Amino acid sequence: MLNHAFDAAHVPELNGHALRQQEIQRQEDQIYWRLFDDVQRRLAESCDPQCVHQALDELFLALHERVMSSSAPDWKAFVAKCRQHPLLQALHQDPFTYRAFSKPRGYAGDAEMMDFIYGREDQRVPPPAEPIGRQVFDYTTLAPASEGVRARRAFMSAQIDRLAEERRRPHILSIAAGHLREASVSIAVRRRRTGRFLALDADPESAAEVQRCYACYGVETVTGSFTRLLGRQSHQAEFDLVYSTGLFDYLNQRTGRRLVTSMFQMLRPGGSLVVANFLPGIRDIGYMEAFMDWNLVYRSRHDMIDLTMDIPEAEVQAINLVSEECKNIVFLQLTRN
C-alpha cells in the first residue's frame, strides 16, 4: 500500500516532467526543420559554391551536435524524421550521398563510392549530376571523412613502398581490398618491386576491377569473404604485410579481434599487419547516418588496442597507433617477432 501510494503521488510530477521533455524536444526539432528548410532553399537558389558550402557546413555541424548529444533511441527517431523532410531529395541529387543510401551492391561504402572520393586526386570524370547534385558532390567528397579516406590510401601506399625498400619482393595481402586504389599510387607496385600481392574481396565486381587494373603489375585476386580466414587452427606464415583499410568499420569487436589474430598468424617473422578504422565523433557522422544511411563501427585508440588482446605478448615485437592528419581515421600497426 505504501509503495502504491508513493507511486500515485508522483504520477503528476513524472507526467509533468515527460511533457516538459516532449516540449523541449518539439522545440529543438523545429529549430532543425527551419535549418533544413533554409539549406534546401539555399541549394535551390544559389549557384555560388561558397554559399552552398556554407549552408552545408551549417547542416553538417548541426547534425554532428545533435548526434553527439542524443541517446541512441532519440537519434534513431530523429533520423527517421530527417528522412521525411524534402531536403532529403535535394541531397540525394548528389551521386555520392545517394549511392550510400541506395546501396546498389547491398552495402554502403562500396568501392565505387571510394572511387568518387579518390577521383578528386586521380583526375577522374565526376559522375553525372544536376547542378544541385554537383554542388553537393563537390562538398561531400571534400568533407573531412572523405579527406580521411584519401589520407588512408596515401598511408597504405607509403607502407607498401617502405616495405619494398626494406625487404626484397615482399609478399602482401589486402583483405576487403575494394578496388585496391593504393596500388595506383604505390611506386613499388608500379615498378613491380613486390612479390606475391594478393587482393581478397567478397564483391566480384570489385575483384574484376582489381584484375583489370592491376593484374599487369602482378596483383592476384581472390573473390571470397574474410570469414574464410576465421576459425582456422593455423595459418601459413607467408606474408610480410597483411592489411585491411575499410572492413573493420563494419565489424563488431569480437569478430574484429578474431580477424586481427588470424591476420597476425599469417605474418612472417618481422612482418606487420595494419588495420584502419574511423575514430568516434568525426564531424561528418550526423550527415552520414541521417542522409546517407552510412552507419559505421567507430573505434577509439583503446578499442584498437583491444583488438590485439588474443595475441600472445611474446609474439609481438611492436604495437603502434597513428592517425592520419585529418584525425578521422586511426591505424593499428602490429609487428611480429
Side-chain angles (χ1 to χ4, degrees), residues 24-101 108-109 113 116-117 120 129 131-152 249 277-300 323-330:
I24 292 171
Q25 188 73 63
R26 187 184 67 80
Q27 292 176 2
E28 288 182 352
D29 286 350
Q30 287 180 344
I31 293 172
Y32 280 92
W33 306 151
R34 287 195 292 270
L35 172 64
F36 293 170
D37 288 341
D38 183 56
V39 171
Q40 183 185 12
R41 177 187 59 78
R42 291 154 77 182
L43 289 178
E45 294 178 355
S46 179
C47 294
D48 180 4
Q50 184 174 353
C51 292
V52 171
H53 286 204
Q54 183 178 351
L56 291 172
D57 271 342
E58 294 172 14
L59 176 65
F60 271 60
L61 290 171
L63 289 171
H64 177 269
E65 181 179 349
R66 183 60 181 258
V67 68
M68 299 306 294
S69 62
S70 298
S71 66
D74 287 346
W75 173 246
K76 183 178 180 181
F78 178 77
V79 167
K81 294 176 184 177
C82 288
R83 295 177 186 173
Q84 296 172 4
H85 194 281
L87 176 61
L88 180 76
Q89 280 68 46
L91 296 172
H92 281 186
Q93 293 183 51
D94 164 23
F96 182 67
T97 297
Y98 183 69
R99 187 175 183 94
F101 191 88
M113 274 186 65
F116 290 163
I117 295 173
R120 304 196 70 92
I132 290 177
R134 182 51 197 262
Q135 294 267 35
V136 179
F137 179 85
D138 287 345
Y139 181 91
T140 54
T141 56
L142 275 176
S146 294
E147 290 284 9
V149 169
R150 284 188 287 272
R152 183 179 69 187
D249 294 316
N277 212 111
F278 271 93
L279 286 161
I282 63 170
R283 193 209 69 158
D284 301 352
I285 182 175
Y287 181 88
M288 290 167 64
E289 295 188 0
F291 290 108
M292 300 180 78
D293 194 31
W294 193 4
N295 300 284
L296 301 179
V297 176
Y298 297 92
R299 285 188 170 87
S300 67
S323 61
E324 42 77 30
E325 59 264 28
C326 301
K327 308 300 182 187
N328 283 277
I329 295 174
V330 63

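Since we're looking at a predicted model, the values are computed, not measured.
Rounding to the nearest 0.5 Å places CZ of Phe78 at 9.0 Å from CD of Glu28. Atom CD of Gln135 sits about 6.0 Å away from atom NE2 of His53, to the nearest 0.5 Å. Atom-to-atom distance recorded for Ile117:CD1 and Leu142:CG is 10.5 Å, nearest 0.5 angstrom. Taken from CG in Asn328 to CG in Leu279, the straight-line distance is 7.5 Å, to the nearest 0.5 Å.
Glu289 approaches Val79 most closely through the heavy-atom pair O-CG1, 4.0 Å. Shortest non-hydrogen contact noted between Asp74 and Ser70 is CB-CB, 4.4 Å. Pairing each heavy atom of Ala290 with each of Arg83, the nearest pair is O-NE, 2.8 Å. The two residues Leu35 and Leu59 have their closest heavy-atom pair at CD2-CA, 4.3 Å. Taking both residues in full, the closest heavy atoms of Ala100 and Ala108 are given as O-CB, 3.7 Å, listed atom of the first, atom of the second, then distance. When all heavy atoms of Phe116 and Pro95 are compared, the pair lying nearest together is CE1-O, 3.8 Å.
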Passes side chain to side chain contact (heavy atoms under 4.5 Å, CB included), Phe36 versus Cys82? Steps please.
-> CA-CA 9 Å; Phe36 293 170; Cys82 288; 3.7 Å; yes
Can you list the steps and then say if Arg42 with Asp38 is a salt bridge (charged side-chain N to carboxylate O under 4.0 Å, His left out)?
-> CA-CA 6 Å; Arg42 291 154 77 182; Asp38 183 56; 2.7 Å; yes
Go through the steps to decide whether Arg66 and Trp75 satisfy the test side chain to side chain contact (heavy atoms under 4.5 Å, CB included), and finish with yes or no.
-> CA-CA 8 Å; Arg66 183 60 181 258; Trp75 173 246; 3.8 Å; yes
Checking side chain to side chain contact (heavy atoms under 4.5 Å, CB included) for the pair Val52/Tyr139: CA distance, chi angles, key distance, verdict?
-> CA-CA 8 Å; Val52 171; Tyr139 181 91; 5.8 Å; no
Assess whether side chain to side chain contact (heavy atoms under 4.5 Å, CB included) is satisfied between Val330 and Tyr298, documenting all intermediate values.
-> CA-CA 10 Å; Val330 63; Tyr298 297 92; over 6 Å; no
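Checked options Asp94, Thr97, Asp284; the residue passing with Thr140 is Asp94 (criterion: side chain to side chain donor-acceptor pair (under 3.5 Å)).
One finds no salt bridge joining Arg41 and Asp37 here, because no Lys/Arg side-chain nitrogen approaches an Asp/Glu carboxylate oxygen to under 4.0 Å.
Looking only at side-chain heavy atoms (C-beta outward), Leu88 and Leu91 stay at 4.5 Å or farther from each other. Looking at heavy atoms from C-beta onward, Met113 lies in side-chain contact with Trp294 at the 4.5 angstrom threshold.
Distance alone, capped at 3.5 Å, is enough to place a donor-acceptor pair between the His64 side chain and the Gly281 backbone.
Atom CD of Gln30 has more than 12 neighbouring heavy atoms from other residues, nucleotides or ligands inside a 6.0 Å radius.
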